[in-house]
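What follows is a short report on a single structure.
Each chain gets a letter, A, B and so on, in the order its sequence line appears, and its residues count up from 1.
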Protein chains: 2
Amino acid sequence: MQELTKAEEQIMQVLWTVEKAFVKELLAEMNEPKPAYNTVSTIIRILEKKDFVSFTAFGKTHQYYPIVSREDYKTQISKSLVSKYFDGSFENLVSFFAKKEEIDLEELDDIIKTLKK
Amino acid sequence: MQELTKAEEQIMQVLWTVEKAFVKELLAEMNEPKPAYNTVSTIIRILEKKDFVSFTAFGKTHQYYPIVSREDYKTQISKSLVSKYFDGSFENLVSFFAKKEEIDLEELDDIIKTLKK
DNA sequence: ATTTTATAACTAATTAGTTAGTTTTATAAC
DNA sequence: GTTATAAAACTAACTAATTAGTTATAAAAT
């Protein structure tokens with residue numbers, strides 16, 4: 001699986017949210033300043049070539065949908081972050097941010113208890 | 001703090017490891033295929049402009065060192081990941097990867113116990 | 001003092017990514 | 001059937017990033 005560029009990621013985030021969409025609909029979901037219709041259209045065709053999206057054709061128009069899930073993509077990029085900055089260990093990441101008090105220990109404790117059941 | 005491009009990040013990773021270095025030394029630390037000396041030199045000057053590195057001059061030659069720590073940078077990019085993919089919550093990230101069994105629950109429990117002391 | 005060497009600085013060339021105009025084509029409206 | 005419309009496909013222009021050659025300059029060697 002390849003990495004997404006900034007512009008590609010932006011489109012994917014929208015598509016992951018709406019699950020399927022025509023270019024026009026993607027554009028509608030985007031924040032100002034909106035890119036040109038053709039810009040979105042170009043990027044989605046790049047995403048097609050990268051095998052991140054596919055489409056169903058309705059006559060001439062295409063309804064696009066993700067073929068890489070948000071979950072799979074976030075798994076990949078999280079792992080890449082952990083490998084580059086936390087020695088490949090999620091435990092290191094947790095302990096790093098727990099020390100910085102960015103993670104609540106009680107809450108974490110609850111999460112573990114729930115998962116252990 | 002700005003984001004690093006791929007090439008910039010590569011140089012920073014080396015510099016963070018060796019703590020201070022002349023261009024020649026950075027190059028020596030890099031894996032094949034090694035870039036040209038001038039490539040490294042250019043990138044480090046970009047990093048200078050971005051305020052990621054500074055240097056001490058020895059006559060004409062510069063010994064570069066990071067002015068943004070690895071810790072600060074990894075904090076930033078981790079937060080950016082969490083905000084984009086985990087709804088801004090580290091707890092979400094932990095629970096996501098715990099469910100995928102990428103994080104060992106016992107180990108996590110130990111970490112929490114240690115930190116609570 | 002002149003030549004050599006090593007380095008930073010500058011600059012040019014290339015490649016990757018982004019943006020949007022133009023063209024083509026299928027469908028819809030008349 | 002011709003014209004209008006809307007979308008994808010193609011393409012060009014632009015911007016950002018990468019790579020490395022050329023130049024200038026300071027220090028070292030002779």
From dT18(C), dA20(D), dT25(C), pick the nucleotide closest to the side chain of Lys60(A)?
dT25(C)

Reckon Thr39(B) touches a base, only the sugar-phosphate, or nothing at all at heavy-atom distances under 4.0 Å?
base

Separation of dA7(D) P from Phe55(A) CZ (nearest whole Å)
15 Å

Between NZ of Lys6(A) and P of dT15(D) the distance, given in whole Å, is 18 Å

Confirm from the modelled atom types if Asn38(B) and dT22(D) form a donor-acceptor pair under 3.5 Å, side chain to base only.
yes

For residues Ile111(B) and Ser95(A), report the shortest heavy-atom separation together with the two atoms involved.
CG2-CB, 3.7 Å

Between Phe97(A) and Phe86(A), what is the ring plane arrangement, given parallel below 30°, perpendicular above 60°, and tilted in between?
tilted

Minimum-distance nucleotide (side-chain atoms of Tyr37(B) versus dA9(D), dT7(C), dA9(C))
dT7(C)

Ile43(B), nearest nucleotide to its side chain (from dT19(C), dT19(D), dA9(C))
dT19(D)

Rounded to whole Å, please give me the gap between CD in Glu3(A) and C1' in dA16(C).
14 Å

Do Phe96(A) and Ser78(B) have side-chain heavy atoms sitting under 4.5 Å apart?
no

Side-chain donor or acceptor of Arg45(B) under 3.5 Å from a matching atom on the base of dA9(C)?
yes

Examine Lys20(B) relative to Tyr64(B) and say whether NZ or CZ is less than 6.0 Å from the centre of the six-membered ring and inside a 45° cone about the ring axis.
no

d(CD, Gln63(A); C1', dA8(D)) in whole Å
15 Å

CE/Met12(B) to CD1/Ile44(B) distance, rounded to the nearest 0.5 angstrom?
7.5 Å

Within the supplied structure, the quantity of interest is the number of heavy atoms (other residues, nucleotides, ligands) at a distance under 6.0 Å from Lys116(B) NZ; does it exceed 12?
yes

Tell me the interatomic distance from Lys49(A), atom NZ, to dG17(C), atom P, rounded to whole angstroms.
12 Å

Separation of dT15(D) C1' from Ile46(B) CD1 (nearest whole Å)
14 Å

Expressed as a whole number of angstroms, how long is the span from Lys50(A):NZ to dG17(C):C1'?
9 Å

When the nearest nucleotide of DNA chain C is assigned to Gln10(A) and to Phe58(A) on a heavy-atom basis, which residue is associated with the more 5' position?
Gln10(A)

Write down the partner of dT5(C) under the Watson-Crick or G-U wobble criteria, each distance required to be under 3.5 Å.
dA26(D)

Tell me which nucleotide, if any, is Watson-Crick or G-U wobble paired with dA13(C) when both distances must be under 3.5 Å.
dT18(D)

Taking only N and O in the side chain of Thr42(A), is any of them less than 4.0 Å away from OP1 or OP2 of dA20(C)?
no

Side-chain donor/acceptor of Thr61(B) to base of dA27(D), under 3.5 Å:
no

Given dA20(C), dT19(D), dA9(C), identify the nucleotide with an atom nearest to the side chain of Pro35(A).
dA20(C)

Among dA20(C), dT18(C), dT11(C), the one nearest any side-chain atom of Glu8(A) is dT18(C)

Taking dT19(C), dC10(C), dA17(D) as options, the one with an atom nearest any side-chain atom of Ala7(A) is dT19(C)

Tell me: CD of Gln2(A) to P of dG17(C), nearest whole Å?
9 Å

Counting only side-chain nitrogens and oxygens, does Lys24(B) get under 4.0 Å of the OP1 or OP2 atom of dT7(C)?
yes

